[in-house]
Amino acid sequence: MRERLEAVLHEKVTDLLREAGDDAALPTITVEASRQKDHGDFACNAAMVLSGRLRRPPREIAAELIDRLGDAAGLVARAEIAGPGFVNVWLAGGQWHDVLDRILAAGEAYGTSDDGKGRKLQVEFVSANPTGPLSVGHGRQAILGDCVARLLLATGWDVVREYYFNNGGRQMRVLGDSVRARYLEQLGRAAVPPEDALLDSELPWPDAIDGLPVLFPRDGYQGGYIGEIAAALREREGEGWIDEPGDGGFRQEAEKRIFAEIRRTLESLGIHFDVYASENEFYAAGKIEAVLGDLRATGLVYDEGGATWLRASDLGLDRDRVIVKSSGEPTYLLPDIAYHREKFARGFECIIDVQGADHKDQGPYVKAGIQALGHDPARVEFLFHEFVTLSSDGHTVKQSTRKATYITIDELLADVGADVFRYFMIERRAQSHLDFDLDLAKEKDWTKNPAYYLQYTHARTYGIERQAVERGVTMPASADIDASRLELPEELELVKKLGEFPEMVSRAAESREPHHIAYYLREVAGLFNPYYQDKDRHEILTTDAGLTNARLGLTFAVRRVMAQGLALLGMSAPERM
RNA sequence: GCCCCGGUAGCUCAGCUGGAUAGAGCGGCUGCCUUCUAAGCAGCAAGUCGCAGGUUCGAGUCCUGCCCGGGGCGCCA
C-alpha cells in the first residue's frame with residue numbers, strides 16, 4: 001500500500017521536475033506512515049526536498065503536488081499541506097479493505113517475500129568451543145542467530161545454519177588434562193589444590209600435596225561437570241585409564257559429552273543447526289596447509305622471529321598478525337581463514353558471522369585473510385552482540401566464568417521456559433547491552449510478563465472463535481467476509497498496522513534486526529486488545545451476521561500476523577493458555 | 001594511548017534510509033472492567049534525548065571534539 005502511493009508520488013515528482021527543465025536524478029523522497037492520526041495515513045516530504053532545486057517555497061510545491069495527485073485512480077481520499085510542507089495523504093477507505101482481503105488470502109505466506117531470490121546464505125552462530133555448558137551470553141547469540149536465520153528464510157534466502165568450533169588448540173588440551181586430573185583425584189592418585197588456590201591466580205600452585213602429585217592444570221576448567229565426566233569415565237574404565245594421556249581419550253570423551261549437552265540445550269531452545277564444522281576437520285583434510293601455501297604465494301605473508309605473519313597492514317589494518325607461531329602451531333586465525341575460504345567454495349553469496357562483543361577486533365583480520373586469497377570480503381558480515389547481565393531485585397547477579405559460578409541456559413530454562421527466554425533475548429537490539437530481568441522473566445503473575453502478552457493475544461483469537469462456535473456462529477469463508485463492513489477508525493488503524501507486516505519483515509531481515517519484530521507484535525497486540533476489550537462501543541460477535549463475519553475476518557488477520565511473527569521469533573503460538 | 005558499542009522517563013529499553021507535539025514495558029498515582037473465559041482499558045505524574053559546537057528548511061538520528069559506562073588492543077581462542 002505504501003509502495004503504491006510512493007510509486008504514484010515519484011511519478012508526479014518526476015513530472016514536476018521535468019516540466020521545470022530539471023532532468024537530473026530524482027532526489028530521495030520518503031513516504032512513510034504518519035505517526036499521528038491527524039496527519040493522515042501517510043506523509044511525504046517531497047516538497048521540502050525539492051524546495052532547494054526548484055527554488056520555490058515548499059508549501060507552494062506541496063500544493064501543486066496535491067493538485068497533480070488528484071485521487072490517484074481511487075487510491076487517495078484526500079491530501080493536504082501541513083507544517084513546513086508535508087503532504088499528508090488519507091487513503092480511500094476501500095484500500096484498507098483490500099489489505100485485509102490480501103492478508104486472509106495470503107495465509108501462511110503473509111509476510112514472506114522473495115527478496116533473497118533463493119540465493120545461498122550462511123548464518124554461523126554460537127560456535128562455542130565444547131569446554132563447558134552454554135552460558136547466558138551464548139544464549140543471546142543462539143537466539144539472535146536463529147531469529148536472523150528465520151527472517152532470512154522468510155524473505156527468500158536459501159539459509160544454512162552453521163556451528164563452528166575450535167577443537168584443535170591448547171584449550172581442548174587443557175580440558176583433557178582437567179578431566180584426567182579429576183579422574184586420578186577420584187581414584188586417590190592425584191591431588192587438586194584447595195579452592196582458594198584455584199580461584200586466585202596469585203596464590204602458589206603446589207607440585208604435590210600429601211605425597212600425591214598435583215596434575216590439575218593451573219588454568220584448568222573448574223566447573224562441576226568436569227568431575228561428572230571424570231566419574232562417568234571412572235565407572236566405565238575403572239583404573240584402566242591411569243596411563244591415558246589428557247590429550248587422548250580424556251580430551252575426546254570430554255568433547256563428545258560436552259558437545260552432546262550443548263546440542264541438547266540448543267534443541268531445548270528450538271534451535272537446530274544444519275552443519276557442525278570443526279577446526280580439526282580442516283587440519284585432517286590438509287586445508288590449513290593449503291591456505292598457508294596460497295597465502296605465501298600472494299606475498300602478503302612473511303617470516304619473522306620464527307613465526308609466520310600475515311601482512312594485514314598492507315590491507316588497511318593497523319598491524320600484522322601471527323598466523324603460525326614459532327612453535328609451528330597455527331594461531332586461531334589461520335584455520336579461521338581456511339574455514340571462511342571454504343564458505344566461499346561452498347557457494348554462499350552472503351556469509352553472516354554472529355559473534356560476541358569480545359570478538360569485535362578479530363573480524364577484520366579474517367576478512368583481510370580472505371581478501372588476500374582473492375575473495376570479496378564484502379560478502380562476509382559480522383553481526384556483533386553486546387554482553388548479557390542478569391539482574392534481580394534491582395541488582396546485577398555476579399557471573400564468573402573462572403569460578404564457574406555462572407548461571408547456565410539450562411538453569412534459566414528450568415525457571416522461565418524457552419518462549420520467555422527467547423523473547424527476553426531478542427527484545428533488545430544486538431548492539432545494546434542486555435539486562436535480563438530474572439524477576440520479570442520468572443514472574444508467575446503473568447500479567448506482567450511481556451512474552452505472555454504476545455502469546456495471549458494469539459490465543460485470544462482462538463478464544464473468540466471458540467465462543468463464536470458455542471453461539472452457533474459458522475466460521476466465515478473468505479468469500480463471506482466483506483471487509484467494507486469495517487468502518488470504525490480503530491478497525492482501519494488495526495488493518496493498516498497489519499498491512500505493514502511484510503515491509504517490517506523485509507526490513508528486519510535486511511538489517512538483521514529481529515528485535516523490530518518483537519516491538520511490532522507488541523504494537524499489534526496493543527491495538528487489538530483494546531479493540532476487543534471495548535465492548536461498549538462494539539462487539540466482535542454481533543447480531544448482524546455480515547458485520548460479525550467482517551470482524552471475525554479482522555480477528556483472523558490478527559491471528560495470522562501474530563502467528564507469523566511469533567514463528568519468526570521462534571516462539572510457540574498457543575491456541576489457549 | 002588506539003579501536004568498537006552504548007549514554008533517551010525512577011528502572012529496563014524502542015525510535016524504521018534526518019521529519020511535525022520523542023514512545024513502550026515495568027514501577028508510582030487515579031478511575032473503570034470482572035468479560036465475546038482471563039493476564040484488560042482510560043488517564044495522570046515523570047525528559048536539558050550525556051555535554052559543546054557544526055551541517056540544513058528541519059537533528060535523538062549525520063559530522064567534529066569532549067565526558068561517563070562496557071568490550072577489545074597476545075606467538076590465547
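As the structure is a prediction and not an experimental result, all values here were calculated from the model. Side-chain atoms are counted along with the backbone in the values below, which use heavy atoms only and exclude waters and symmetry mates. Below, chains carry the letters A, B, ... as their sequence lines are ordered, and counting in each starts from 1.
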- Message: Ring centres within less than 5.5 Å and planes less than 30° apart: is that true of A:Tyr519 and B:rA24 in this structure?
- Response: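 No, the aromatic ring of A:Tyr519 does not stack with the base.
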
- Note on the structure: Per-residue pairing states of RNA chain B in dot-bracket (Watson-Crick or G-U under 3.5 Å; . unpaired, | other strand) read (((((((..((((.....[...)))).(((((.......))))).....(((((..]....))))))))))))....

Students often get this wrong, so: under 4.0 angstrom with heavy atoms, is [X] touching a base, only sugar-phosphate, or nothing?
X        : result
A:Gly85  : nothing
A:Asp303 : nothing
A:His39  : base
A:Thr331 : sugar-phosphate
A:Pro58  : nothing
A:Ala357 : sugar-phosphate

Listed nucleotide nearest any side-chain atom of [X], set [options]:
X        : options                : result
A:Ile464 : B:rA77, B:rC36, B:rA20 : B:rC36
A:Asp358 : B:rG25, B:rC75, B:rG71 : B:rG71
A:Arg319 : B:rG19, B:rC36, B:rC75 : B:rC75
A:Phe86  : B:rG74, B:rG19, B:rC36 : B:rG19
A:Ser326 : B:rC75, B:rC36, B:rA77 : B:rC75
A:Ala307 : B:rC75, B:rA24, B:rA14 : B:rC75
A:His515 : B:rG15, B:rA77, B:rA38 : B:rG15

Taking the side chain as every heavy atom from C-beta outward, state whether [X] and [Y] have any atom pair closer than 4.5 Å.
X        : Y        : value
A:Phe259 : A:Phe165 : yes
A:Tyr531 : A:Glu491 : yes
A:Leu300 : A:Leu295 : no

- Residues touching RNA chain B, which here means a heavy atom under 4.0 Å, drawn from residues 163-172 of chain A: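 A:Asn166, A:Gln171 - these, ordered by number, are the residues of the stretch whose heavy atoms sit under 4.0 Å from the strand.
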
- Got a donor-acceptor contact below 3.5 angstrom from the A:Arg428 side chain to the A:Met425 backbone?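 Such a contact is absent between A:Arg428 side chain and A:Met425 backbone.
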
- Query: Between A:Ser572 (side chain) and A:Pro574 (backbone), is there a donor-acceptor pair under 3.5 Å?
  - Reply: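 No, the answer is negative, given that no donor and acceptor are paired below the 3.5 Å cut-off.
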
Between [Y] and [X], is the closest basic N to carboxylate O distance under 4.0 Å?
X        : Y        : answer
A:Arg466 : A:Glu470 : no
A:Glu32  : A:Arg2   : no
A:Lys442 : A:Asp415 : yes
A:Glu427 : A:Arg522 : yes
A:Asp544 : A:Arg485 : yes
A:Lys496 : A:Glu500 : no

Do [X] and [Y] get their side chains close enough for a donor-acceptor pair, meaning under 3.5 Å?
X        : Y        : answer
A:Tyr332 : A:Gln362 : yes
A:Asp437 : A:Ser391 : no
A:Asn167 : A:Arg251 : no

So which protein N/O to nucleotides 55-64 of chain B N/O distances come out below 3.5 Å?
none

- Message: OP1 or OP2 of B:rG15 versus the side-chain N and O atoms of A:His516: is any pair under 4.0 Å?
- Response: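 The answer is yes; a side-chain N or O of A:His516 sits under 4.0 Å from OP1 or OP2.
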
- Message: Does B:rA77 have its OP1 or OP2 closer than 4.0 Å to a side-chain nitrogen or oxygen of A:Tyr365?
- Response: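 Looking at the OP1 and OP2 atoms of B:rA77, neither is under 4.0 Å from any side-chain N or O of A:Tyr365.
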
- B/S/- contact track for nucleotides 2-12 of chain B, protein heavy atom under 4.0 Å: --BSS-----B

Under 3.5 Å, which N/O atoms of the protein pair with N/O atoms of nucleotides 28-34 of chain B?
none

Under 3.5 Å, which N/O atoms of the protein pair with N/O atoms of nucleotides 44-47 of chain B?
none

- Can you name the nearest heavy-atom pair linking A:Glu539 to A:Arg551, along with the distance?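 Taking every non-hydrogen atom into account, O-NH1, 2.7 Å.
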
- Task: Would you sort out whether A:Lys343 and A:Glu124 count as a salt bridge (Lys or Arg N to Asp or Glu O under 4.0 Å), showing the intermediate values?
- Result: CA-CA 10 Å; A:Lys343 294 186 184 196; A:Glu124 183 213 321; 2.7 Å; yes

